[in-house]
Every structure is written in structure tokens, then in C-alpha cells.
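First the structure, in the form of C-alpha cells, and then the observations on it.
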Amino acid sequence: MQDFVQELRVIEKKWQEEWNKAKIFESDPDDRPKFFITIPYPYLNGNLHVGHCRTFTIGDAVARFKRMCGFNVLFPMGFHVTGTPIIGLAELIAKRDPRTIEVYTKYHDVPEDVLLTLTTPEKIVEYFSKEAESALKDIGYSIDWRRKFTTTDPPYQRFIEWQFWKLKEKGLVVRGSHPVRYCPNDENPVEDHDLLMGEEATIVDFTIIKLYSWHEKFGKIVFPCATLRPETIFGVTNIWVKPTKYVLAKVNGELWFLSKEASEKLRYQEKEVEIVEEVDANDFVGDFVVNPILAGMLIDEIVDLLKDGKRFEGLSDDGKLRKVVEEITKGELAKELIELFKKSLNGEVGKFEVLRRIVVPILPAEFVDTDNATGVVMSVPAHAPYDYIALEDLKRDEKILRQYGIDRRLIEIEPIVLIRIEGESYEVPAVDVAKELGIKSQSEKDLLDKATKIVYKKEFHKGVLLETTGKYAGMQVSKIKDILQKDLIDLGVGDIFYEFSEKPVVCRCGTKCVVKVVRDQWFLNYSNPEWKAKVLSWLEEMTIIPDYYKEEFRNKIEWLKDKACARRKGLGTRIPWDKEWLIESLSDSTIYMAYYILAKFINEGSLKAENVTPEFLDYVLLGLGDAEKAAQSSGLNVETVEQIRKDFLYWYPVDLRSSGKDLVANHLLFFLFHHIAIFPKEHWPRAIAVNGYVSLEGKKMSKSKGPLLTMKRAVAENGADVTRLYILHASEYDSDADWRKKDVEALAGHLRRFFNLVKEHYTKEPKEIDQLDRWLMSRFQKAIKETKDAMEKLQTRRAVNSAFFEVMNDVRWYLRRGGDNLVIILDDWLKLLAPFIPHICEELWHMKHDSFISLERYPEFDECKVDEKAEAVEDYLKRFMEDVKEVMKFVEKPKEVYVAFAEDWKIEVLKIAERAESMKQAMSEIMKNEQFRTMAKDISAFLKRVFKDREMFTVMDELNEREIIENNLEFLERELGVKIILDESKVPEEKRKLAMPGKPAIYVV
RNA sequence: GCGGGGGUUGCCGAGCCAGGAAAAGGCGCGGGGCUUAAGACCCCGUCCCGAAGGGGUCCGCGGGUUCAAAUCCCGCCCCCCGCACCA
């Protein structure tokens, strides 16, 4: 087999050179319809591998197919190097990281002495771009190499700058803040592969709800309660602190009570934090805080008790809420309410029931985690099992109650229910679930976690807010969080605290990561509703392959939020108006397909970086301004400018972007958004196709850890055409392919058989066409149809299956039947296969022709060559042989086979079927007849055949079975090793009855 | 949790949208032919039972619709992918 691969490699190199010499893949505008197909340029922090090979080979097969279908195809390629990984790799190589050295020598096949010199990003880019180009040439892709570029090329950077100016003009680049995972030691955001622990952790935003206390010494103190469920503010009965050290800190000018850890974390979250004093939480236990929201809602009921309560009268509900909240946040009203509550506790004033909902005590609980958010939490016993159980614990603990002087009435309160769960009969969810699980105390952490999960899950999905939540009543719990968070912030009593969902999160350097809010960050405003709407509606016009990805795209477009598009570190282009920031690397890869048109002129030297001015690009890419001005601004002559504009108008839009499925939720979305933002509608992308990954003997490949198989190695060991055919055939659409050495080798065997077979028959003189030849031609026509149809839908697996394997099987049968006129289909067969295995086809083609098969016209399906009768005859023979063999199994030494043809009910069925429009109709027609019902299975089987190939059966009617067997007697007797006698009288009566049209009775002796 | 895709005979994998053949193709395995022999190649077999082309069972699990279900409907279990600022 190795000999064959070596032979192949020679052939492949030869044709690659010939193609290159004849420049047949260099495309320029002409009269033909155009087809612009692109594939994401690879990121060069390693060698191209068989994963790239899948996406690229699909692209190349389509490009070749379309070219042969008469399109002027543009299939270009560039290289992506912007971003951080290449810098990271350079650092690792520079410091001789042993793991990196191992992976890059062992899997990426970089010679160690070369690898060790790749210590700067520039050297890495230079090395891998050369390697990539030679790998892509090695496998014979039909790329127009005149359009190659790298994303750090100066003209490219000017193109990117122009794009960002365009977006800014349209208001689509905006400023804002956003949270990132951050290492305080490295003073840098931490990427996934730089993590020691906590890769699963996501950043969650706790809502801080501020409750207000009044302290003799400190005055107003804010107790920032952190929660993931802000709606529970309506059911607060108390707040919890852990009986340990806390701090009082000035946070943006307000005095906050919070854990020490929290005060440190907040510094990274756009807060000015200044610690005033370390305090003992115990000193605050038993004090009271005011719930500003409840105060605002219930103020009417206590208005008479307030000093100047009249000021709250005559306002709307909302106005009242605002005023109350405003005064509480200033402190005085909080103080008054707390004093009022203390009085009612002493019986000096009434309204205890109302007041105790507004003013709640600070109580101690061990379950509070000071390293989670603020370390201060609200207690909502109706909906949080922890809170309920902690309160129960406290009720039993006389000592603690006495120690803190806590009045029993404060803890013996009814939980306040604020959520109804559809389809459940809970009265008080947290209490009911806690009882169900038999939870006794706070120390039963596992059970409490379980209970919490149950309650939260049910409430989140099926919960509806009750009247206790005022104006939010009737809303779904699942929808309330964002709304309420925003409302609370608007009122001035809410804030956000970012925290990891899991802990710890540890950087490679060993430091615990924090969430940092990056300020003044530049964002692409993907949440912009008009932009989104435009993208969504264009999506409906597009072709998405496979089609169910359209739904996926719809969802992802909806889900897309603003994206930070600037970074401090990495290779790339600076934001032109704010040079401290680099444009993030996915954001500079959105409309680069347009750049391929410029790249040709750049590479031939007629366009230089300094010529790429905004006015030039405005004209060339958008048709804005005029050629004169563009020429003036760029320093080019008008003809060149017009030429480039003409090229752009010819090639744009992108007709097909074929990509791996990993890019759906990022690059492909951005690709759509940016095209739609920048270009006029006629230049928006037409189609996107998505394909799956490639694994290696069942194992996932990894660039940075291995295993990995480079494209170059795959081609060197197996040949380009074997590699191509394997990868195209390995799987379809988004399902993943597996590279298995054994299977690849088996495929090489198939290809060799094909190669030798064609070589043997190709130069033979065609003979007169006989019945069997007509069968072959007919079958082949169907393969053409199937293959073309599959290719139009980018089903390469199906295409290869039909063009290669199925034709191969037919050819085998043809030869077995004694066919010796194979040459009649060979021209077309080679053409049919040329997009998949171009080198072999080119080689064979040249045995008889001087032209390039790569430029020949793809075979057309020719209805006239379809011969249903010829196919029916062969089918009949195959079926007959099978039947005879089946029967022969049961006879020890079969010598003679007697055959009896007969007719019976099947004729009738056949007749009904011929009248019927559809199989369904035929079946129900037939089933009306009671005697047929018992044979439904047989009939349906028969009918399926009839309808699968209706024409064949119309022919079947006229088929002379006796004649077919007589004509092929010699073949049949040879294949079956028996004598066949067409004497019906020798077949026993009961057997003769079994005969059906197309299925004669057989008697073996 | 949300969203998308899946679970098919020893393995990989078609079929499912448009219900109708123990279910394409490949691999593996077994047998035969060819050959001095091995390899390559060609043919046959590969769920169970069966000495006459037959019967039984089968497409994650459980129901339902239908003359007929891998395919349609309902419920359940399990697996993969994405959830971002990273290419």
C-alpha cells in the first residue's frame, strides 16, 4: 500500500505544479456568473491539523464543483494572527516550557532546533504561515494565492481602522464597563487556559439591596444584602450576619457594613472603598434595619404615627415609594422608623404587625459565608430553607436570645409568602420542603442545599409573584430578576456585586482570582435592537446549512449582548481614536472577505498601505464619494481605483461561508452583524454552512495539549486524495468525524482499485452499446443526479458515497456480468470525482486528453440515458439469483433448478397500484378488499417497490421473465453452479402457486 | 438552568421531515475462490430458529395513533455542544 501512496504523492505533486504553472485557480472578473466562497482563515499558533482539513476540504470540493459547473469561482485564503495566544506561545517557547516543547515537537511536527528559535510573535507568524501555506498547497486546494494576507499587514490594519470608524459613526461602538475574571497578582484578565482551578466558574451578578440602620456613633449605616433573587425583598423578616469580624467601610461615600473579603473585592468593581474601622458583628446583632421598599409600600398604614406624616399623602403609589425611599436613604426617616418600631415593641404605639415588616432585626447565623458577596444576607424564611431552619435554631436557643437581648416576638413571626408555584400545593415552600426532608438544624448542610435547590428550581420555573409584591404581582419569577434589579438601582437602593459561581478560582500563578469591572471599555453594541432586527430579518433570507442551524442562529442573535472589543494585550490593530486599546481579535475578523479583493492589488504592488485611505475605502467598498477624490486621497490613479471598485462589485457579496460549528456563537454572528452594519443590502452574505469537528481515534484533538495530527503529516502518510476523500466521506454536516488510521488505509485500498481499474479500461476502444451497457449508463446517470444534488446541499458524505462507492459497486456488477465496455462512462466518472480526488482524476484524464479536468464541465444528468427496462432486467436477475441460492441452501448437492413463472393476486395489486396516485392511496384502496388485509405486510412490501420505482414496474408488466433467464442462462448457471431448466411441468403444483410476477417459483433437485 | 443536536443491528454510520422488505454503505469477523504460499484481489455469510425462498425478535425506555411505526403523537431516562469577550 505504501507503494501506491508514494506513486500517488508523485502524481499529486506533478499536478499541483501544473495547475500552478497554468494559473488555473487565479480568478479575475469575466462574463461567467461568479461564486465567492470563503472559509475562516486559520489562527496560526500551531500547524494546520486534520480538523482544519475538514472545513477546508469541504470548501475546496465545493469550489471545484462550482467551477466545473460553469461558475467563476473565487476561493482565497489568509492567515489570522491577531490576539494573545501567539504572544503566549512565544513566551512559553522563550522560557523553554517543557510541556510546550513536547507538544510542538511531538504533535505539531516542528523540529526542535527550529522551535527553539520561535521566541517572538513575529517569528512564530513567519514560521507557521509558511508551513500553513505549504500544507494547503500539498493537499491541492484550488486557492487563488495572489490574495494571501496576514492580519498584521499594515494595509489590513488600515482597513480595520476604517471599519471601526464606520461603526463608530453609526453609534455601534460604545463605551461601558464589564466584569472580567482577573488576577490581582498579574494585574491582568485571566483566560481559560491560564487557570489552575475553577474553569467551570462563571461570573454571576448578585443584586445588592441596601437596608438602612442608624447607629449612635456612626449615624446611618448601610447593610448591603446580597441576593440572586431580588424579589425576596418583599418577604424579608430579618437579616443575617456571621458572628465574626466585619468592617465598616466608606463605599462611594456611604458607610457600609460588610465582610472584609467583600470590601477587598469591591475595590475591583468600580467602587471606592475606604475602611473606616474593623468591627465585631456581634455588636450589631439585635439592632434593626429598615427595608426601604416595604416602608414605601406600607407607609399609608403608619402615616399617622410619623412626625410629619402628611407629606406622604396625596401622592401616587409610585411617587410615595420614591419619596419614602429617598428619605430613608438620607438616614433621618430610617432613624425615625427604627425608633417607632422600638416603641411599638414596648407597646408605646400600635401597628406592630406593620412595623415589623418594615423594620427587621439583625440576627446571627453560622451558615453565612463572609467570602460570598457582601457577607450580609436577607432572611426570607418562606422561600429559603436555610433562613427558616436558622430561625428555628434560634428559637430554641435561649442563651443566644438572652445574650443579644432579642425579643421572642421578633423571631416568632409568620414567614411572608410571596410566590405561588403553579401545580404545587405548598403553603410555605421552604417550610414544607424542609419538613419533607426532615431537616433539624443548620448543621445539616447537604440536606439544606438539596432543599434550597428544590425550592429555587420550582419557584424559578413555575413561580408567580403574589399580591405581597405590590405592583409586581402576577409576574413570573423567571422574568423578575432583571426588572427588579434595574428598578432597585434606579431607586438608589440597589447595586450589583459580581461573584464567581464556584470557588475557588485560582490563576496559574497561584493567586485567587477576583471579578474586576473594567471601566471605559469599548463595546460593540450588539444589543442595539435595530441592528439585531436587521440581522434577524436578513437571516430569514439566507441559506443556512444544515437548515436547523437557522433556529440556532436566531437564538444566538437574540442572546447576543454588547461585546467588549478592546484589549490591552496582544497583536492587532489599535482603536484609531483611543490608541491605548487594541481591537480584540474576533472583532477584527468580521468583514475581511472584502479585503481579499484588495489583497490582490496589494500583493502585485499596485496598492500600498499608504494608499489605503478612508476615502479610498469608502469609494471602493461602499461606492461613497467618487473615484477622483478617492484617487486624490489615496495617491493612486483613477483607473486603478476604478479597477478595484469593479473587482469588488463583481465578487461581492460572499456567496458561501463554510465554517466549523465552533464559530456559530461568535465569529459567524459578528460576520453577519458587521456586514449588515457596514455594507448595503446587495452585499450582505448569502449563505453559511457549518461542519463538525474531527477527532483522532475517538479522542478529541487539542492544539495545546495533544493529541493532534497535522494536515501535512496526514497527506504525507496517506496521500492528498486519500486524505481528502476520507475526510469528505467520514461524516456529514455538523456531526463529528473520527480519523481512524485503519479506515484511512482501507480507503487507500479502494482508491488504488479504482485507479488501476480506470487505467486498465480507459484507453480501450468503445464498442457498440448493448443492453448491459445501457444498464450501466442508466445507473450512472442516477449517480450524477444524486451527486450533484448532494453537493448543492454541501452533503459531501452523500456525494462521495454516490459518486465513488455506489458507482464502484455498479461497475463491479457490470464486470461480473461480463461487461467490457466500461470506457463509455469513464470520462464522466472522472469528472464526477474530480472535486473530491482531483489529482488522481487529472492524472487519468490526461491519458486521453490535454485539457485540465479541473476546468472541464461537470457531467449533466441526462434523462434520455435512463433506461428503466435495463435496470429492471438486472434487478430481476439479482433477485432471481438470491432466491435460487436461498432455496439451494436446503438441498445437499443441487444439480438442477426448475423454474415456473406464474401470475396471481399480485397482478391485481399491481394494477390497482398503477391507477393510484400515491402509495398511501393504493394501500387504502387495496385494504378495502377484506381478503387482502391478511396479507398487508406482503402487499406493503411489494407496493413500496412499486412506488419506489414506478416506471420499472410499468416495465415489469411487459417484462418477459422467461426471455431474461433464457438470455442469461450461461451467466446464471456459471454463477449458481447448477443447471437451469425452464420446464414448469417439473415444478410441483404447490410451489407453482407461490410464484409471483417478478418472482418465479423455484424447484431444486 | 436555557438553547441546539443526538441515542439504530459487534463497531462506525445511513434511514426519521414526506409511516410500508432484518433496516444502505464501510470496518471487523467467518467461509469459499485465486495463488507454490502469504499479501492483494473476487465472491458469499455475519440478530435467533429453520434441510424449500419461511417464521420469530429488533432501532434508549414506557404508552398511544394506524391495516402498518426506527419513522407520527405523549411521557420518561441518558449523551454531546454553546452560554462569551476566548481563538
Side-chain angles (χ1 to χ4, degrees), chain A residues 1 40 42-43 45 80 82-86 178-180 189 191-193 202-203 456-457 460-461 478 518 521 523-524 546-549 551-556 558-567 584-587 589 661-667 669 692-693 698 703 729-738 740 742-743 746-747 749-750 752-753 756 797-798 801-802 805-806 809 812 815-816 882-892 918-920 923-924 926-928 932-945 947-948 975 988 991 994 999 1001-1004:
Chain A
M1 191 54 62
Y43 185 76
N45 64 338
H80 189 205
T82 34
T84 50
I86 286 178
H178 87 286
V180 296
E191 288 165 28
D192 274 359
H193 58 266
T202 56
I203 295 173
Y456 278 25
K457 196 168 160 181
F460 185 81
H461 292 290
S478 56
V518 182
Q521 167 70 279
F523 283 86
L524 286 163
D547 54 8
Y548 49 80
Y549 265 77
E551 180 65 15
E552 179 83 342
F553 271 105
R554 250 178 236 130
N555 295 333
K556 298 295 185 209
E558 301 269 9
W559 151 91
L560 195 63
K561 294 183 205 149
D562 286 359
K563 175 181 157 58
C565 61
R567 295 224 59 183
E584 178 274 327
S585 74
L586 287 174
S587 309
S589 303
K661 62 183 173 184
D662 50 329
L663 300 185
V664 170
N666 42 70
H667 165 72
L669 290 186
Y693 309 123
K703 262 187 180 181
H729 184 65
S731 64
E732 201 87 289
Y733 284 157
D734 65 325
S735 58
D736 298 337
D738 191 26
R740 264 174 282 174
K742 250 187 162 171
D743 289 3
L747 186 69
H750 281 282
R752 180 174 58 180
R753 239 165 290 155
N756 293 335
R797 182 190 166 95
R798 201 179 118 215
N801 213 38
S802 112
F805 290 99
E806 279 177 22
N809 278 342
R812 267 192 229 175
L815 296 175
R816 189 172 157 198
E882 260 171 49
D883 284 350
V884 172
K885 272 188 223 159
E886 177 76 21
V887 179
M888 274 164 53
K889 276 201 307 201
F890 301 100
V891 179
E892 216 162 285
S918 66
M919 170 140 66
K920 206 169 178 145
M923 197 66 195
S924 54
I926 291 159
M927 285 304 139
K928 281 178 190 161
F932 282 148
R933 278 175 96 108
T934 52
M935 329 192 275
K937 209 169 177 181
D938 295 337
I939 293 173
S940 76
F942 182 61
L943 271 185
K944 197 187 175 189
R945 274 204 90 84
F947 276 88
K948 190 177 159 198
E975 288 283 329
K991 296 236 165 290
L994 290 171
K999 198 172 161 101
I1002 295 155
Y1003 182 66
V1004 182

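Order of the sequence lines sets the chain letters (A, B, ...), proteins ahead of strands, with each chain counted from 1.
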Compare the minimum distances between each of [options] and the side chain of [X], then state the nucleotide with the smallest one.
{"X": "A:Glu584", "options": "B:A87, B:C43, B:A84", "answer": "B:A87"}
{"X": "A:Thr202", "options": "B:A14, B:A87, B:A84", "answer": "B:A84"}
{"X": "A:Ser585", "options": "B:A84, B:A87, B:A24", "answer": "B:A87"}
{"X": "A:Asn555", "options": "B:G4, B:G53, B:A87", "answer": "B:G4"}
{"X": "A:Glu552", "options": "B:C85, B:C43, B:G3", "answer": "B:G3"}
{"X": "A:Tyr1003", "options": "B:A52, B:A84, B:G25", "answer": "B:A52"}
{"X": "A:Lys561", "options": "B:G53, B:G82, B:A84", "answer": "B:A84"}
{"X": "A:Arg567", "options": "B:G25, B:C86, B:G53", "answer": "B:C86"}
{"X": "A:Val887", "options": "B:G4, B:G53, B:G28", "answer": "B:G53"}
{"X": "A:Ala746", "options": "B:C83, B:C27, B:A87", "answer": "B:C27"}

Taken to the nearest 0.5 Å, the spacing of A:Lys661 NZ from A:Asp734 CG works out to 5.0 Å
By ring pair (Phe, Tyr, Trp, His ring centres under 6.0 Å) - contacts of A:Tyr1003 (at least two apart): none
Using the [atom1] atom as the point on both nucleotides, what is the distance between [M] and [N], in whole Å?
{"N": "B:A23", "M": "B:C58", "atom1": "C1'", "result": "10 Å"}
{"N": "B:C12", "M": "B:G60", "atom1": "P", "result": "14 Å"}
{"N": "B:G50", "M": "B:G33", "atom1": "C1'", "result": "28 Å"}
{"N": "B:C72", "M": "B:G82", "atom1": "P", "result": "28 Å"}
{"N": "B:A68", "M": "B:C81", "atom1": "P", "result": "41 Å"}
{"N": "B:U71", "M": "B:G64", "atom1": "C1'", "result": "15 Å"}

Using purine N1 to pyrimidine N3 plus N6-O4 or O6-N4 for Watson-Crick, or N1-O2 and O6-N3 for G-U wobble, both under 3.5 Å, which nucleotide pairs with [N]?
{"N": "B:C59", "answer": "none"}
{"N": "B:A84", "answer": "none"}
{"N": "B:U46", "answer": "B:G28"}

Under 4.0 Å, counting only non-hydrogen atoms across every strand here, what does [X] touch: a base, just sugar-phosphate, or nothing?
{"X": "A:Arg740", "result": "sugar-phosphate"}
{"X": "A:Leu663", "result": "nothing"}
{"X": "A:Asp743", "result": "sugar-phosphate"}
{"X": "A:His80", "result": "sugar-phosphate"}
{"X": "A:Asp562", "result": "base"}
{"X": "A:Lys556", "result": "base"}
{"X": "A:His667", "result": "nothing"}
{"X": "A:Ala564", "result": "base"}
{"X": "A:Val1004", "result": "base"}

Show your working on side-chain contact (heavy atoms from CB on, under 4.5 Å) between A:Thr84 and A:Arg567 and close with a plain yes or no. CA-CA 9 Å; A:Thr84 50; A:Arg567 295 224 59 183; 4.1 Å; yes
Residue-phosphate contact under 4.0 Å: [X] side-chain N/O, [N] OP1/OP2:
{"X": "A:Arg797", "N": "B:G15", "value": "no"}
{"X": "A:Thr84", "N": "B:C86", "value": "no"}
{"X": "A:Arg753", "N": "B:A40", "value": "no"}
{"X": "A:Arg812", "N": "B:C43", "value": "yes"}

The residue, A:Glu806 or A:Leu586, whose nearest nucleotide of RNA chain B is more 5′ is A:Glu806
Closest to the 5' end of RNA chain B, once A:Ile1002 and A:Tyr43 are matched to their nearest nucleotides, is A:Ile1002
Between A:Asp736 (side chain only) and A:Tyr693 (backbone N and O only), is there a donor and an acceptor less than 3.5 Å apart? yes
